[in-house]
Amino acid sequence: DSTTNTSCVNVHDGKIHLTMQGGTPPYSIKSPLGEILSRTITKMPLGNYSFSVVDSLGCTVLLNCNIGKNAPLVFSNVAIKTPSCYDGSDGYAKPSVEGGKPPYTFHWSNKKVGPFMDNLKPGRYDVSVVDKNGCHLYTTFDVPFLPVPKLLASTSPSTCMQKPDGTISMGVEGPPKQYTYYVDEIPLDQINGKIMAGYHTAKAIDEDGCELYKSIYVDSRQDRTLFIPNSFTPNYDGQNDSFEIWADEICFPNAKLKVYSRWGQEVFSTENPFSEFWNGTLDGKIVPQNVYYYIFESDHFKKHGFITVLL
């Protein structure tokens, strides 16, 4: 007799072929399942089988057969390379298979076919392998997520929008690495930590080329450099006779000032508010004692309020 093992686990494709010699034909073959009409028995699961062969004279021979299985198809290892950056996609996976019958074909969850898969991001993936006999094996593996570092930035306000005297310092909270820092793509050490007011993009690059970004805003103390009085006395006594505005002029380009009466009449206007002051007159005459409304504005800045004329 001869046997053929099953091709895969749980596949019923084993075979037994019985060869009879001697005795007096014809022969009958019997098993616990009944009489067998063919000397070749197919579609057999793995296991142990017993047969009795009886010739025409009643002589009986007992046969014991075993259908085994080929070495099971197993994953012996999945080699995984973690992406170099926390949000990178240069991960790699290569499974190793034993048993079954080579060659093997690998099918990946992203529809690729091949012995390995690259350009992987962190996450969970599936792979199945099929051997020459058509046996299948599945596994799931994880490409690990790297700790996500955090770009830190602290700032102090600039004097005004036009002066690059705000400050910025940067650092990274995360794995200890060497970082190079940038503000709007300019190396931080080139600007000596000085920065204009407004929105900026901070960036850090580590020794592996991984990049971190953070949007930052630097405030301005522009209004603190501006002094606008709330009253004046145009009585020509040499003291507080005009409506004078003081400021760091570089912080207020294209400045303008307008003053209105409480009824909306324009009583004064100038495009040189730091050198041309309102003396409290309209058409050459002192205006009545009252509260007046002013609007001061320049590029990126506007302020309004009240000024009292005292007589």
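Keep in mind that what you see is a predicted model, and the values were worked out from it rather than measured.
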query = Does the pair D142/R124 count as a salt bridge with the N-to-O cut at 4.0 Å?
reply = yes
inquiry  = I'd like to know if D165 and K194 make a salt bridge, using a cut-off of under 4.0 Å between side-chain N and carboxylate O.
reply    = no
inquiry  = Within the structure provided, determine whether N64 and Y49 are in side-chain contact (heavy-atom separation under 4.5 Å).
reply    = no
inquiry  = If only side-chain N and O atoms count, and only distance matters, is there a donor-acceptor pair under 3.5 Å linking S128 with H136?
reply    = no
ask   = So, the side chain of D237 versus the backbone of Q239: is there a donor-acceptor pair under 3.5 Å, distance only?
value = yes
query = Is there a side-chain hydrogen bond (donor to acceptor under 3.5 Å, both in side chains) between T140 and D126 once you walk through the steps?
reply = CA-CA 5 Å; T140 297; D126 300 321; 2.7 Å; yes
inquiry  = Looking at every non-hydrogen atom in both residues, tell me the closest pair between G99 and L73 and how far apart they are.
reply    = O-CD1, 3.7 Å
Aromatic ring proximity, centroids under 6.0 angstrom, W278 and Y294 = no
query = Counting N and O atoms only, with roles assigned by atom type, does the side chain of T233 sit under 3.5 Å from a partner on the main chain of N235, one being a donor and the other an acceptor?
reply = no
ask   = Which residue pairs pass the disulfide (SG to SG under 2.5 Å) test when at least one of the two sits in residues 201-233, sequence neighbours left out?
value = C85-C210
query = How many angstroms lie between CZ in F51 and CZ in R39, if you round to the nearest 0.5 Å?
reply = 13.5 Å
task = Evaluate whether atom CD of Q178 has more than 12 neighbouring non-hydrogen atoms of other residues, nucleotides or ligands under 6.0 angstrom away.
result = no
query = At what distance, to the nearest 0.5 angstrom, does OH of Y181 lie from CD1 of I168?
reply = 11.0 Å
Over all atoms of both residues, closest heavy-atom pair of L62 and S52 = CD2-CB, 3.7 Å
inquiry  = Are the side chains of P157 and S220 in contact, using a 4.5 Å heavy-atom criterion?
reply    = no
Under 3.5 Å, side-chain donor or acceptor atoms of residues 251-258 against the rest of the protein: list the pairs with distances, not counting sequence neighbours.
{"residue": "N254", "atom": "ND2", "partner": "D299", "partner atom": "OD1", "Å": "3.4"}
{"residue": "N254", "atom": "ND2", "partner": "D299", "partner atom": "OD2", "Å": "2.8"}

remark   = Sorted by chain and number, sequence neighbours left out, salt bridge (charged side-chain N to carboxylate O under 4.0 Å, His left out) with K81 holds for D90
message = Please check if the number of heavy atoms outside E271 that lie under 6.0 Å from its CD is greater than 12.
response = no
ask   = With a 3.5 Å cut-off and no angle check, do the side chains of S84 and D208 form a donor-acceptor pair?
value = no
message = Here's one to test your reading of the geometry: is the NZ or CZ of K203 within 45 degrees of the ring axis of Y182 and under 6.0 Å from its centre?
response = yes
Show me the donor-acceptor pairs, under 3.5 Å and distance only, between side chains in residues 242-250 and residues at least two apart or in other chains.
{"residue": "S242", "atom": "OG", "partner": "E244", "partner atom": "OE2", "Å": "2.9"}
{"residue": "D248", "atom": "OD2", "partner": "K163", "partner atom": "NZ", "Å": "2.7"}

query = Which value, rounded to the nearest 0.5 Å, describes the distance between L120 atom CG and W108 atom CH2?
reply = 7.5 Å
query = Got a sec, which hydrophobics cluster with M196, joining ILVMFWY side chains under 4.5 Å apart, including via others?
reply = none
ask   = Nearest 0.5 Å, what's the CG-CG distance between N240 and L310?
value = 8.5 Å
request  = Answer yes or no: is there an ion pair linking K303 with E297, defined by an N-O contact shorter than 4.0 Å?
outcome  = no
inquiry  = Working to the nearest 0.5 angstrom, can you tell me the gap between I205 CD1 and L212 CG?
reply    = 9.5 Å
Residues 145-155, side-chain donor-acceptor partners within the protein, below 3.5 Å, at least two apart:
{"residue": "S154", "atom": "OG", "partner": "S169", "partner atom": "OG", "Å": "2.6"}

ask   = Is the backbone N or O of S231 less than 3.5 Å from a side-chain atom of T308, with the two atoms forming a donor-acceptor pair by type?
value = no
task = To the nearest 0.5 angstrom, please state how far the CZ atom of F306 sits from the CZ atom of R262.
result = 10.0 Å
